[in-house]
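Here the structure is laid out as structure tokens; the discussion comes afterwards.
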Protein chains: 2
Amino acid sequence: MDCRPFRVEDTVGQGTLAAVAEPKYWHLRTVLLRTMDTEFSTGQVLPNERELSARFGVARATLRQALDQLELEGRLVRRRGIGTLVAAPRVGIPVSGREGGRGSAVHGGQEWKVVDCTTGPASAALARTLGLAEGDQVHTVRRTRVVQGVTVAAESLHVPSAALPHLAVVVDGNDRARGVLRQLERVGVDGQSRSVELGVAESAEAALLERPPGTPVLVVTTQYAAAGRLAAVAVSTYRADTCKLTFGESGVAVKVAGEVKAAAVS
Amino acid sequence: MDCRPFRVEDTVGQGTLAAVAEPKYWHLRTVLLRTMDTEFSTGQVLPNERELSARFGVARATLRQALDQLELEGRLVRRRGIGTLVAAPRVGIPVSGREGGRGSAVHGGQEWKVVDCTTGPASAALARTLGLAEGDQVHTVRRTRVVQGVTVAAESLHVPSAALPHLAVVVDGNDRARGVLRQLERVGVDGQSRSVELGVAESAEAALLERPPGTPVLVVTTQYAAAGRLAAVAVSTYRADTCKLTFGESGVAVKVAGEVKAAAVS
DNA sequence: AAGTGGTCTAGACCACGCG
DNA sequence: GCGTGGTCTAGACCACTTG
């Protein structure tokens with residue numbers, strides 16, 4: 001195929017030496033974005049990088065810089081050996097107490113798949129966030145969140161042993177994980193507080209997310225409280241390329257289905 | 001100065017042809033991160049890029065790829081003409097109904113600075129999110145959020161004219177903005193629902209945030225409801241490099257001051 | 001003027017997916 | 001084998017800050 005829509009005139013020259021001399025890659029991004037919106041649809045593959053860079057009269061590295069931006073915005077997916085595809089709009093992923101899975105506060109629904117469960121002394125950083133002394137025993141459940149067949153998040157849930165007095169320590173692996181989660185349910189969770197920040201997936205999480213290391217992720221840190229005390233801390237890393245985190249608050253009964261494109265509302 | 005801590009042996013060779021042949025830039029990132037954590041402190045400047053790339057025996061572009069990662073994680077700040085600095089830990093920014101400014105639901109506190117206010121027909125995308133017909137009149141208040149002297153966010157608050165029947169239309173600029181905000185207060189807000197996703201700052205927001213275009217941002221979309229109807233939509237872009245968004249829920253009285261480093265809890 | 005990060009180039013080779 | 005994106009190089013020039 002030829003994929004005519006991309007034309008050289010769009011970017012070359014840039015004639016008007018007015019403006020503030022926008023970088024080439026940024027201008028290129030804008031042109032690509034416009035063309036994608038008007039001439040392409042979800043899942044379609046763009047011309048390959050060598051082709052595009054030639055067509056726009058720039059070095060391949062410069063074109064890639066533009067594609068990097070679009071990928072960060074979740075507008076592109078690049079697959080080695082395949083090509084560059086127009087991405088589907090981001091999926092809204094509920095991250096609220098009442099909505100994940102079956103409605104438990106630690107959202108133990110079927111969306112979550114336990115990877116493993118370990119118990120050991122807390123690192124300095126972890127002890128600090130849990131309000132423990134360094135070296136105190138902590139259960140750690142690693143699990144992934146799978147939505148519509150796609151792994152969208154990896155999580156480490158840390159629970160001080162002291163918070164689960166009735167847990168049989170003999171069981172191991174998935175059984176123990178189940179035990180920890182069930183016990184945590186039983187303890188009851190009064191409330192929670194969360195934070196969201198940008199991060200990159202290290203090798204371990206990256207593998208779980210089926211992405212290369214360095215993949216941008218939204219890091220959600222949740223503190224679960226029980227009886228006024230901190231009962232658990234979860235660190236969840238959501239794939240930033242495909243996820244839009246939603247925090248529903250139950251009082252709202254607005255039934256607007258639309259999605260806001262940040263760009264479109266500027 | 002010499003900045004000895006960075007040593008060549010850390011990365012060159014990588015001898016063991018075991019492992020999965022980690023990319024150089026990723027390994028470099030790890031080495032830099034470790035050295036920064038142990039030998040440098042907040043605000044300190046690293047050796048310049050040409051120096052570092054020479055010291056590690058890689059091309060400057062490769063070194064920059066590693067620095068790009070660290071910058072995305074908020075560990076580095078690069079200033080043209082100055083150098084590369086170790087960044088301060090991210091600031092926790094409350095994004096909850098009760099915590100911003102003076103406690104109003106649309107957080108009208110002194111942290112927010114109105115930039116301008118316009119009224120005009122809604123674009124197709126905006127009309128959809130507000131549940132209006134395209135072309136319906138909408139007030140748009142642009143403002144920035146300044147925390148401790150730093151502009152951390154830019155926001156566009158969209159309110160359908162129909163939702164504010166008592167607004168005098170004659171006033172303009174800041175007066176109108178104040179009017180819109182006050183009227184919105186008066187209407188009352190029952191609840192709200194939010195989403196967070198990754199984006200990049202376009203030129204307009206980038207300027208407000210005092211960052212170059214393409215800067216990664218956390219896009220927070222908030223829907224405000226009043227009497228069961230959607231009364232307003234706010235699209236806020238927070239600087240991803242410096243901000244950690246916090247969603248406090250009032251029931252939690254946990255007083256743990258610590259911060260979780262995602263990396264440290266893996 | 002000197003030093004810094006930011007942009008851009010032209011080319012090479014590698015790792016992956018598919019026919 | 002071939003085409004794709006991913007990595008890496010060596011070098012050039014520009015834009016910005018500071019003395």
Side-chain angles (χ1 to χ4, degrees), chain A residues 1-3 11-14 17 19-29 32 44-72 76-87 200 206 210-216 241, chain B residues 1-3 11-14 17 19-29 32 44-72 76-87 206 210-215 241:
Chain A
M1 70 178 84
D2 187 352
C3 301
T11 184
V12 150
Q14 183 178 335
L17 36 74
V20 285
E22 203 173 40
K24 258 185 197 174
Y25 76 88
W26 183 255
H27 184 226
L28 204 45
R29 181 206 86 112
L32 289 168
Q44 211 169 342
V45 315
L46 272 47
N48 72 54
E49 298 183 347
R50 290 161 180 88
E51 167 82 20
L52 280 177
S53 56
R55 216 180 283 195
F56 286 111
V58 301
R60 193 178 153 216
T62 304
L63 172 77
R64 279 182 61 79
Q65 216 174 336
L67 295 180
D68 286 343
Q69 289 280 346
L70 292 169
E71 193 177 30
L72 200 65
L76 283 183
V77 179
R78 297 196 270 188
R79 297 212 193 125
R80 192 188 325 217
I82 304 291
T84 303
L85 297 78
V86 178
V200 306
E210 299 158 356
R211 299 251 58 196
T215 300
D241 56 347
Chain B
M1 74 177 86
D2 187 352
C3 299
T11 184
V12 148
Q14 182 178 339
L17 37 74
V20 284
E22 203 173 40
K24 257 185 199 174
Y25 76 88
W26 183 255
H27 184 228
L28 205 44
R29 182 207 85 112
L32 288 167
Q44 212 169 342
V45 315
L46 271 48
N48 72 55
E49 298 183 348
R50 291 161 180 89
E51 167 82 21
L52 280 177
S53 57
R55 215 181 283 196
F56 286 111
V58 300
R60 193 178 153 215
T62 304
L63 171 77
R64 280 182 61 80
Q65 217 175 335
L67 295 180
D68 286 344
Q69 289 281 344
L70 292 169
E71 192 177 30
L72 201 64
L76 283 184
V77 179
R78 296 196 270 189
R79 298 211 195 127
R80 188 181 336 208
I82 304 290
T84 303
L85 311 149
V86 178
E210 297 158 355
R211 298 252 58 197
T215 301
D241 56 347

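Here the structure is a predicted model, which means the values were calculated and not measured. In what follows, chains are A, B, ... by sequence order, proteins preceding strands, each numbered from 1.
- A distance of 12.5 Å separates CG of L72(A) from CG of L67(A), quoted to the nearest 0.5 Å.
- By the side chain to side chain contact (heavy atoms under 4.5 Å, CB included) test, I82(A) pairs with R79(A), L85(A), sequence neighbours left out.
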What does the list of N/O pairs under 3.5 Å between the protein and nucleotides 15-19 of chain C look like, with a distance for each?
from: dA15(C); atom 1: O4'; to: R80(A); atom 2: NH1; distance (Å): 3.1

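- Mapping heavy-atom proximity under 4.0 Å, the span of DNA chain D touched by chain B runs 5' to 3' from dT7(D) to dT18(D).
- Each of R50(A) and R78(B) has a nearest nucleotide on DNA chain C; the 5'-most of these lies closest to R78(B).
- Listed by chain and number, the residues in a side chain to side chain contact (heavy atoms under 4.5 Å, CB included) with Q65(B) are Y25(B) (sequence neighbours excluded).
- Nearest heavy-atom pair, A66(B) versus L32(B), reported as atom, atom and distance to 0.1 Å: CB-CD1, 4.1 Å.
- When heavy atoms are screened at a 4.0 angstrom cut-off, R79(A) is found touching the sugar-phosphate backbone but no base atom.
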- [ ] Go through the steps for E71(A) and D241(A) under the test side-chain contact (heavy atoms from CB on, under 4.5 Å), then give the verdict.
- [x] CA-CA 7 Å; E71(A) 193 177 30; D241(A) 56 347; 5.9 Å; no
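- Residues satisfying the side chain to side chain contact (heavy atoms under 4.5 Å, CB included) test with R64(A), not counting sequence neighbours, are E49(A), R60(A), R78(A).
- When the side chain to side chain contact (heavy atoms under 4.5 Å, CB included) test is applied to T215(B), the partners found at least two apart in sequence or on another chain are A201(B), R211(B), P212(B).
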Task: Criterion side-chain contact (heavy atoms from CB on, under 4.5 Å) on L76(A) and L46(A), from CA distance to verdict - done: CA-CA 10 Å; L76(A) 283 183; L46(A) 272 47; 4.0 Å; yes
